[in-house]
Q: 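The structure under discussion is supplied below as structure tokens; questions concerning it will follow.
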Amino acid sequence: MEYPIRQNLIQNYDDEEEEEEESDDTESHFLYVSNAILSGTARLNILLPTATILAFTIFAPLLTNDGVCDSLNRWLMGSFVALCAASCVFFTFTDSFKTTSGRLYYGVATFRGIWTFNASRKKPCVSSDYRLRCVDFFHALLSLIAFLAFAGSHIDVVGCYYPALPRKVTNTMPLVVGFVVSVLFVVFPSKRRGIGYPFLLHKEALYSRC
């Protein structure tokens, strides 16, 4: 009589352990996704090329005259925003690879593979890994949206183009856009290691070694 009872107790204990392990795995996965989303939401510029963000931060006060604009300032700032937006899209298509000697090559992804900037004949082992895909254009669109949200909420840009806009809107917009873009970057991660992007966005090195 004692043996079945003991067996049932052992079985129940094993079931509880399995449920605890499953809950721990689910919780750890949830925490990882939450941290990834919140980190992107807190710093929207992480999703953008550092060189573009640095240039915009430096020149925005100069081109807008600290938010006190005339028609020339608006034209110059508009042209600069368009240039920075094009830069964000361009850097999305950049990638890199390493050769057997350990030398790092940067280039632009094309439909045939990667085109290196120095016109070198060096190519990665598997060229198909560096071809343009539909997801690259999706990432370019996300990068463009993220930059426009970042630039549009800049205090000098707001003072130059729409000074009557409530402060609550300019404070909230980057958080909302950052949250949505971060979720999409987590769900559809980028495999490219381009120029100017922090390595925080990449889990694994995709460098090619022959």
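The shown structure was predicted, so the numbers you read here are calculated from the model rather than taken from an experiment.
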Q: Could you tell me if the side chain of Phe179 sits less than 4.5 Å from the side chain of Val183, heavy atoms only?
A: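 They are in contact (side-chain heavy atoms under 4.5 Å apart), so the answer is yes.
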Q: Looking at Ile155, I'd like to know if its CD1 atom is crowded, meaning that more than 12 non-hydrogen atoms belonging to other residues, nucleotides or ligands lie closer than 6.0 Å.
A: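 Check fails, neighbour count at 12 or below.
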Q: Which distance, rounded to the nearest 0.5 Å, do you find between the CG of Asp136 and the CZ of Phe111?
A: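 Going from CG on Asp136 over to CZ on Phe111, the span is 9.0 Å.
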Q: What's the shortest heavy-atom distance between Met77 and Ala60, and which atoms?
A: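 Looking at all heavy atoms of both residues, the closest pair is CE-CB, 3.9 Å.
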Q: For a quick test of reading the model, state the closest non-hydrogen atom pair linking Val89 to Leu144 and the distance between them.
A: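 For Val89 versus Leu144, the nearest heavy atoms are CG2-CB, 4.2 Å.
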Q: Does Asp156 have any salt bridge (charged side-chain N to carboxylate O under 4.0 Å, His left out) partners at least two apart in sequence or in another chain, and if so, which?
A: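 Checked Asp156 against salt bridge (charged side-chain N to carboxylate O under 4.0 Å, His left out); zero matches.
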Q: Could you report the tightest heavy-atom contact between Ala146 and Val181, atom names first, then the distance?
A: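 What the structure gives for the nearest pair is CB-CG1, 4.5 Å.
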Q: Side chains of residues 165-172: which donor-acceptor pairs under 3.5 Å do they make with residues two or more places apart or in other chains?
A:
unit_1	atom_1	unit_2	atom_2	d
Thr170	OG1	Arg167	O	2.9
Asn171	ND2	Arg167	O	3.3
Thr172	OG1	Lys168	O	2.7

Q: Give the minimum heavy-atom separation between Val81 and Phe147, together with the two atoms involved.
A: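 Smallest interatomic distance, heavy atoms only, reads O-CE2, 3.6 Å.
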Q: Mind telling me whether His154 and Phe56 have parallel, tilted or perpendicular rings, with 30° and 60° as the class edges?
A: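 Phe56 and His154: perpendicular rings.
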Q: In the single-linkage hydrophobic clustering (I, L, V, M, F, W, Y; side-chain heavy atoms under 4.5 Å), do Leu142 and Val187 co-cluster?
A: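 Yes, it is one cluster - the side chains of Leu142 and Val187 are joined through contacts under 4.5 Å.
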Q: I need the full list of side-chain hydrogen bond (donor to acceptor under 3.5 Å, both in side chains) pairs touching residues 53-65, with sequence neighbours left out, sorted by first then second residue.
A: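 Not a single pair qualifies under side-chain hydrogen bond (donor to acceptor under 3.5 Å, both in side chains).
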Q: I'd like to know whether the aromatic ring centres of His139 and Phe185 sit less than 6.0 Å apart in this structure.
A: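 Distance test on ring centres: under 6.0 Å, yes.
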Q: Only counting residues at least two apart or in another chain, list the ones meeting side-chain contact (heavy atoms from CB on, under 4.5 Å) with Ala86.
A: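 Residues passing side-chain contact (heavy atoms from CB on, under 4.5 Å) with Ala86: none at all.
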Q: When clusters are formed by joining ILVMFWY residues with side-chain heavy atoms under 4.5 Å apart, either directly or through shared neighbours, do Tyr161 and Val68 land in the same one?
A: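 Tyr161 and Val68: separate clusters.
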Q: Are any side-chain N or O atoms of Thr94 and backbone N or O atoms of Phe91, one a donor and one an acceptor, separated by less than 3.5 Å?
A: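 Yes; judged by distance alone, with no hydrogens or angles, the pair exists.
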Q: Without swapping roles, check the side chain of Asn73 against the backbone of Leu63 for a donor-acceptor pair under 3.5 Å.
A: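 It does hold such a pair.
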Q: Would you say that more than 12 heavy atoms from the other residues, nucleotides or ligands in this model lie under 6.0 Å from the OH of Tyr162, or not?
A: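 Counting neighbours around OH of Tyr162, more than 12 heavy atoms of other residues, nucleotides or ligands fall under 6.0 Å, so yes.
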Q: Look only at the side chain of Arg192 and the backbone of Phe93, and say whether a donor-acceptor pair between them is shorter than 3.5 Å.
A: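 Here the side-chain-to-backbone pair does not exist.
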Q: So, for Cys88 and Pro49, which heavy atoms are closest and what is the spacing to 0.1 Å?
A: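 Closest approach of Cys88 to Pro49: SG-CD, 3.8 Å.
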Q: Go through the structure and list residues passing side chain to side chain donor-acceptor pair (under 3.5 Å) with Thr52, not counting sequence neighbours.
A: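 Listed in chain order: Ser87.
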Q: Hydrophobic cluster membership, with links at side-chain heavy-atom distances under 4.5 Å among I/L/V/M/F/W/Y: are Leu62 and Phe80 in one?
A: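 Yes, because Leu62 and Phe80 connect within a single hydrophobic cluster, where side-chain heavy atoms sit under 4.5 Å apart.
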Q: Within this structure, what is the CG-SG distance for the pair Asp66 and Cys160, rounded to the nearest 0.5 Å?
A: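 SG of Cys160 is found 11.0 Å from CG of Asp66.
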Q: For a quick test of reading the model, state the closest non-hydrogen atom pair linking Thr110 to Ile114 and the distance between them.
A: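 Here Thr110 and Ile114 meet closest at OG1-N, 4.4 Å.
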Q: Taking a hydrophobic cluster as the set of Ile, Leu, Val, Met, Phe, Trp and Tyr residues connected by side-chain heavy atoms closer than 4.5 Å, whether directly or through intermediates, do Phe137 and Leu148 fall within one such cluster?
A: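 Linked within one cluster.
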Q: May I ask whether Val157 and Leu83 are part of the same hydrophobic cluster, defined by side-chain heavy atoms of I, L, V, M, F, W, Y residues being less than 4.5 angstrom apart, directly or through others?
A: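 No.
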Q: Keeping to residues at least two apart or across chains, list the side-chain hydrogen bond (donor to acceptor under 3.5 Å, both in side chains) pairs with something in residues 75-86.
A: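 Qualifying pairs, neighbours excluded: none.
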